[in-house]
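Reviewing the structure listed below.
Values reported hereafter were calculated over all heavy atoms of this structure, with side chains retained and with hydrogens, waters and symmetry mates removed. Computed from a predicted model, the values in this text were never measured in an experiment. If you read the sequence from its start, that first residue is 1, and numbering goes on from there. All ligand and atom numbering here is 1-based and tracks the order in the structure.
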Amino acid sequence: MVPPELKRVMHMSEERTTAAGGMETAYGFRRVGAGEKQGLVDEVFHKVAGRYDLMNDLMSGGMHRLWKDAMVAWLNPPRRPGWSVLDVAGGTGDIAFRIVEASGRNAHATVLDINGSMLAVGRDRAEKRGLADHVEFVEANAEELPFADASFDAYTIAFGIRNVPRIEVALREAHRVLKPGGRFLCLEFSEVEMPLLDKFYEAWSFRAIPRIGEAVAGDGEPYRYLVESIAKFPNQRNFAAIISRAGFDRVTWRNYSGGIAALHSGWKL
Ligand code: SAM
């Protein structure tokens, strides 16, 4: 017998939105009023901030580290001073720290996040790693970046875009703050494209992850939102079209782990 929570997601691809607009009112599988989603997302990350890094390891079996390493390898930051990256929805700093290290501590990284609790953990981690002089933390909304046009050499966002209500607005902001020739990279959970792995992944996501959340963080609800929001997010091809519509050129993507995660790349030319 198929358990009810699995039945709901037997056709995950049919659940996915094809346009970014559909994400504005999708809080996981629930429809919420326009303008309500951000508050609900913020509650989730205030709740999980203290356990965020541990839960990432448990939920992905450590795989998120490899995907993040691959993102930074594709970015290939130069080992010269004066190069800057904006890491949006940067949370506890994982991407920014990797980029600064990969540049031989030459790059300057700005971690931007809407959530003060996530940033507080990030600041703490930067101090402990001796990276406080290389990374700054800014509390702001991806849809309204507090930076002048053409400010950064690269814009990165990892596992963040699906949480932002107005994706097209955030992507246009990304394009605006990049310098001409600037690079856009977005790492996000995506559509699993391998038979069998997709079934295993559905079972893991909808049955195991909320239970791990309950056991480790004492609350399964935020993790139910996380897995539902992954199932709703546009697939690789549709998301690439959305990125192109925001003005980016040469948009391509790479799948990791059979499409569990995908890394989209674009350029401001
Ligand atoms: N990038 C980090 C990583 O890969 O570990 C954190 C990703 S975490 C799953 C998603 C982050 O998106 C949270 O820190 C959350 O506060 C942030 N976020 C959600 N909505 C946002 C918005 N509108 N603007 C900026 N950050 C946002």
Practice task
Answer yes or no for Arg237 and Trp253: cation-pi contact, defined as NZ/CZ to six-membered ring centre under 6.0 Å and angle to ring axis within 45°.
Solution key: no
How long is the gap from [atom1] on [X] to [atom2] on [Y], to the nearest 0.5 Å?
X      : Y      : atom1 : atom2 : value
Arg162 : Phe189 : CZ    : CZ    : 6.0 Å
His134 : Ile99  : NE2   : CD1   : 14.0 Å
Arg166 : Arg172 : CZ    : CZ    : 8.5 Å

Problem - Close N or O approach (Ala158, ligand 1; < 3.5 Å) - result: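 For ligand 1, there is an N or O atom that lies under 3.5 Å from one belonging to Ala158.
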Handout entry: N or O pair under 3.5 Å between Met118 and ligand 1
Key =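 In fact, backbone or side chain, Met118 has no N or O that close.
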Residue, atom name and distance, where the atom is the protein heavy atom closest to [atom]:
atom                    : result
atom 24 (N) of ligand 1 : Ala142 N, 2.9 Å
atom 3 (C) of ligand 1  : Tyr52 OH, 3.4 Å
atom 16 (O) of ligand 1 : Asp113 OD1, 2.6 Å
atom 19 (C) of ligand 1 : Asn163 CB, 3.7 Å
atom 26 (N) of ligand 1 : Ile114 N, 3.4 Å
atom 20 (N) of ligand 1 : Gln38 NE2, 3.1 Å
atom 2 (C) of ligand 1  : Ala89 O, 3.5 Å

Run the numbers for me: atoms of ligand 1, each under 4.0 Å from some heavy atom of [X], listed by number.
X      : value
Ala140 : 24 (N), 25 (C)
Asn115 : 16 (O)
Gly91  : 14 (O)
Lys68  : 3 (C), 4 (O), 5 (O)
Asn141 : 22 (C), 23 (N), 24 (N)

Quick one: does [X]'s side chain have a donor or acceptor within less than 3.5 Å of a partner on [Y]'s backbone?
X      : Y      : value
Ser151 : Phe147 : no
Asn163 : Ile161 : no
Arg51  : Val216 : yes

Handout entry: Minimum-distance pair of heavy atoms, taken over all atoms of Leu171 and Phe248
Key =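 It is O-CE1, 3.7 Å.
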Problem - His64 touching ligand 1 at heavy-atom level, < 4.0 angstrom - result: no
Exercise for the section: Please verify whether a non-hydrogen atom of Glu143 lies at under 4.0 Å from ligand 1. Expected result: no
Practice task
Answer side chain, backbone, both or neither: which part of Phe159 comes under 4.0 Å from ligand 1, heavy atoms only.
Solution key: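 Within the 4.0 Å criterion, Phe159 contacts ligand 1 through backbone and side-chain atoms alike.
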Handout entry: Part of Ala170 with heavy atoms under 4.0 Å of ligand 1, whether side chain, backbone, both or neither
Key =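 Neither; no heavy atom under 4.0 Å.
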Practice task
Over 60° means perpendicular and under 30° means parallel, so classify the ring planes of Phe159 and Trp67, tilted if in between.
Solution key: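 Because their plane-to-plane angle lies in the 30° to 60° range, the rings of Trp67 and Phe159 count as tilted.
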Exercise for the section: Treat each ILVMFWY residue as a node, draw an edge where side-chain heavy atoms are under 4.5 Å apart, and state whether Val121 and Phe137 are in one component. Expected result: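 No; tracing contacts between hydrophobic side chains, which count when under 4.5 Å, never links both residues.
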Exercise for the section: Decide side chain to side chain contact (heavy atoms under 4.5 Å, CB included) for Arg125 and Lys128; before the verdict, give the C-alpha distance in whole Å, the side-chain angles of both, and the deciding distance to 0.1 Å. Expected result: CA-CA 5 Å; Arg125 295 175 83 207; Lys128 285 188 182 124; 5.7 Å; no
